[in-house]
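Worksheet: one structure, shown below.
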Amino acid sequence: MLSSHGDNTGRVEAGEIEVVDFYGLPGEATLGDVEQKIRAAIDKERLRAWLQPHPWRVYRDLAFRWGTIGLAMFGAAHWQNWVAYLLAFFVIGFSQYGLFILGHDAIHYTLHLNRKVNDLLARWLIYGPLFMGLDDGRRNHLNHHRWVGTTNDPDRYLHSLADKNSRLKLFFFCTGLATFGKTVLKVSPFGKRQQHKTATEKLAPGNFKGYGLSQPLTEYFSQRISVFVMQILLIVSFLAIGLPWWSYLVLWIAPIYFCVFLPDEVRAFCDHAVDLVPDTAADPYRLVSFTPSWLEATVFSPHNINYHAEHHLFPAVPYYNLNQVHQDLRHNSHITVKRSYVGYLVQLFAKLPLPTVCSSYS
């Protein structure tokens, strides 16, 4: 099990994971077994409280993110100097990331009780402006939830430590260059076709046929009408307030990589990382949450996404209630809680390379 080394809060510091008996569960328990055990222990009244919707929070947070973006754009247009542009870059970028995390709730239909409104908000106020497609993101992410802790997880390359088990490899991963192509590919028509082929081959080896690129290409572009429309509106907005044409590239496109994609890849790794090699030995222990500082939460985990173990256990709980779930489950020994994303990465970097362990789960 995961040992807290005398910390009665149930928190576990980075680098303090011991591989011993697995939670007292029989046989070769999987992550799914652990999740099932935790869920079974929650009474209906507590679950009902966690699921209580507060739609005003969503509208408030969307308005805050877009209002902050607007103020940053006007500030850059007014002062027109490098300090204003640098500040606007990060303000806009981390506001984009906040929107992206709100979109994560939309994937689970928890942004709004009405599913049509849920998807409308997501397509036009979140994914369209960020060059993303809701449907492809939903397909990939729900498969991640279904298969996390197994080799079928489409995001396993993010969580794996086996391919990051050196200081150079971990550093390269943290630049985003190691995973950018793969992350874009998995939500592209080519990635969709490959996933369909893989699924078909598993069910009926040698029977993959009749699924070319025309269908996924058509779906890809039809799902991104909001992308094309919103980019035109954004460009017009930048020009209308007196910003030069290149500011759209510098203040909107570039932050999507540096302030959305990059921190989210790092967060996704940390939120499932376990200091064990091979990955199969780590799989049963991937319920991980963080309690970062305000600054770290702004950069890596806005809107309570740091309570990631709680989210995986109860994905129908809205983001604004995840802190309640965390308070109720924070003493649960099945969940590893780490305090700092940066602190964890620094400690992991110092420990690499990790030796291969012998485990009944490998």
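As the structure is a computational prediction, the values presented were derived from the model and not from experiment. Excluded from the calculations below are hydrogen atoms, water molecules and symmetry mates; all remaining heavy atoms, backbone and side chain alike, are included.
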Between [X] and [Y], is there a donor-acceptor pair closer than 3.5 Å when you use the side chain of the first and the backbone of the second?
{"X": "Ser160", "Y": "Tyr157", "result": "no"}
{"X": "Gln231", "Y": "Gly128", "result": "yes"}
{"X": "Asp105", "Y": "Leu111", "result": "no"}
{"X": "Asn118", "Y": "Ala106", "result": "yes"}
{"X": "Asp264", "Y": "Tyr97", "result": "no"}
{"X": "Ser226", "Y": "Arg123", "result": "yes"}
{"X": "Arg138", "Y": "Ile107", "result": "yes"}
{"X": "Gln324", "Y": "Asn321", "result": "no"}
{"X": "Asn114", "Y": "Val117", "result": "yes"}
{"X": "Glu296", "Y": "Val342", "result": "yes"}

Does the separation of the ring centres of [X] and [Y] fall below 6.0 angstrom?
{"X": "Phe314", "Y": "Trp50", "answer": "yes"}
{"X": "His303", "Y": "His104", "answer": "no"}
{"X": "Trp82", "Y": "Phe89", "answer": "no"}

Is there a side-chain contact between [X] and [Y], using heavy atoms and a 4.5 Å cut-off?
{"X": "Lys169", "Y": "Asp163", "result": "no"}
{"X": "Asn165", "Y": "Pro353", "result": "yes"}
{"X": "Leu287", "Y": "Ile38", "result": "yes"}
{"X": "Leu354", "Y": "Leu276", "result": "no"}
{"X": "Ile335", "Y": "Val337", "result": "yes"}
{"X": "Tyr127", "Y": "Asp135", "result": "no"}
{"X": "Val266", "Y": "Phe261", "result": "no"}
{"X": "His272", "Y": "Leu158", "result": "no"}

Could you go through residues 171-179 and list every donor-acceptor pair under 3.5 Å that involves a side-chain atom there, pairing it with any protein atom two or more places apart or in another chain?
residue : atom : partner : partner atom : Å
Thr175  : OG1  : Phe172  : O            : 2.5
Thr175  : OG1  : Leu177  : N            : 3.3
Thr179  : OG1  : Glu265  : OE1          : 2.7

Which atom names give the shortest non-hydrogen contact between [X] and [Y], and what distance separates them?
{"X": "Thr356", "Y": "Pro278", "answer": "CG2-CD, 3.7 Å"}
{"X": "Leu31", "Y": "Pro284", "answer": "CD1-O, 3.7 Å"}
{"X": "Ala273", "Y": "Tyr344", "answer": "CB-OH, 3.3 Å"}
{"X": "Asn306", "Y": "Pro292", "answer": "ND2-CD, 3.6 Å"}
{"X": "Ala282", "Y": "Val274", "answer": "CB-CB, 3.6 Å"}
{"X": "Pro302", "Y": "Gly98", "answer": "CG-CA, 4.0 Å"}

Do the charged groups of [X] and [Y] touch, with an N to O distance under 4.0 Å?
{"X": "Asp283", "Y": "Arg286", "value": "yes"}
{"X": "Asp275", "Y": "Lys351", "value": "yes"}
{"X": "Arg224", "Y": "Asp136", "value": "yes"}
{"X": "Lys338", "Y": "Asp271", "value": "no"}

Is there a path of hydrophobic side-chain contacts, each under 4.5 Å between heavy atoms of I, L, V, M, F, W or Y residues, that connects [X] with [Y]?
{"X": "Leu121", "Y": "Ile225", "result": "no"}
{"X": "Trp245", "Y": "Ile256", "result": "yes"}
{"X": "Leu71", "Y": "Phe64", "result": "no"}
{"X": "Leu348", "Y": "Leu168", "result": "no"}
{"X": "Tyr257", "Y": "Leu251", "result": "yes"}

To the closest 0.5 Å, what do you measure between [atom1] ([X]) and [atom2] ([Y])?
{"X": "Leu313", "Y": "Ile42", "atom1": "CG", "atom2": "CD1", "answer": "8.5 Å"}
{"X": "Phe300", "Y": "Phe94", "atom1": "CZ", "atom2": "CZ", "answer": "8.0 Å"}
{"X": "His311", "Y": "Leu322", "atom1": "NE2", "atom2": "CG", "answer": "7.5 Å"}
{"X": "Asn304", "Y": "His308", "atom1": "CG", "atom2": "NE2", "answer": "12.5 Å"}
{"X": "Thr68", "Y": "Gln96", "atom1": "OG1", "atom2": "CD", "answer": "12.0 Å"}
{"X": "Ile126", "Y": "Met230", "atom1": "CD1", "atom2": "CE", "answer": "11.0 Å"}

*Which is it for Asp153 and Asn143 under the side-chain contact (heavy atoms from CB on, under 4.5 Å) test, yes or no, and what are the steps along the way?*
CA-CA 7 Å; Asp153 184 359; Asn143 279 332; over 6 Å; no

Could you tell me whether the side chains of [X] and [Y] share a donor-acceptor contact shorter than 3.5 Å?
{"X": "Tyr248", "Y": "Ser237", "answer": "no"}
{"X": "Asp155", "Y": "Asn140", "answer": "yes"}
{"X": "Asp33", "Y": "Thr30", "answer": "yes"}

*Pick out which of Thr298, Val260, Ile69 makes a side-chain contact (heavy atoms from CB on, under 4.5 Å) with Ser95.*
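Filter result, single survivor: Ile69.
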
Over 60° means perpendicular and under 30° means parallel, so tell me whether [X] and [Y] are parallel, tilted or perpendicular.
{"X": "His145", "Y": "His141", "result": "perpendicular"}
{"X": "Phe290", "Y": "Tyr341", "result": "parallel"}
{"X": "Tyr307", "Y": "His326", "result": "parallel"}
{"X": "Trp66", "Y": "Trp252", "result": "parallel"}

_Working for side-chain hydrogen bond (donor to acceptor under 3.5 Å, both in side chains), residues Tyr319 and Asp61_ = CA-CA 11 Å; Tyr319 68 93; Asp61 291 339; 2.5 Å; yes

*asked:* Which residues pass the ring pair (Phe, Tyr, Trp, His ring centres under 6.0 Å) test with Tyr220, not counting sequence neighbours?
replied: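 Testing Tyr220 for ring pair (Phe, Tyr, Trp, His ring centres under 6.0 Å), a comparison that skips the adjacent residues, returns none.
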
*Which is it for Tyr320 and His54 under the ring-ring contact (aromatic ring centres under 6.0 Å, His included) test, yes or no, and what are the steps along the way?*
CA-CA 8 Å; Tyr320 42 78; His54 301 290; 5.7 Å; yes

_For His144, run the side chain to side chain donor-acceptor pair (under 3.5 Å) check against Arg156, His312, Arg139 and tell me which one passes._
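The passing option is His312.
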
*Does CD belonging to Gln36 count more than 12 external heavy atoms closer than 6.0 Å?*
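No - once you tally the heavy atoms of other residues, nucleotides and ligands closer than 6.0 Å, there are 12 at most.
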
*Is the number of heavy atoms from other residues, nucleotides or ligands under 6.0 Å of Phe258 CZ greater than 12?*
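No, the 6.0 Å shell around CZ holds no more than 12 heavy atoms from other groups.
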
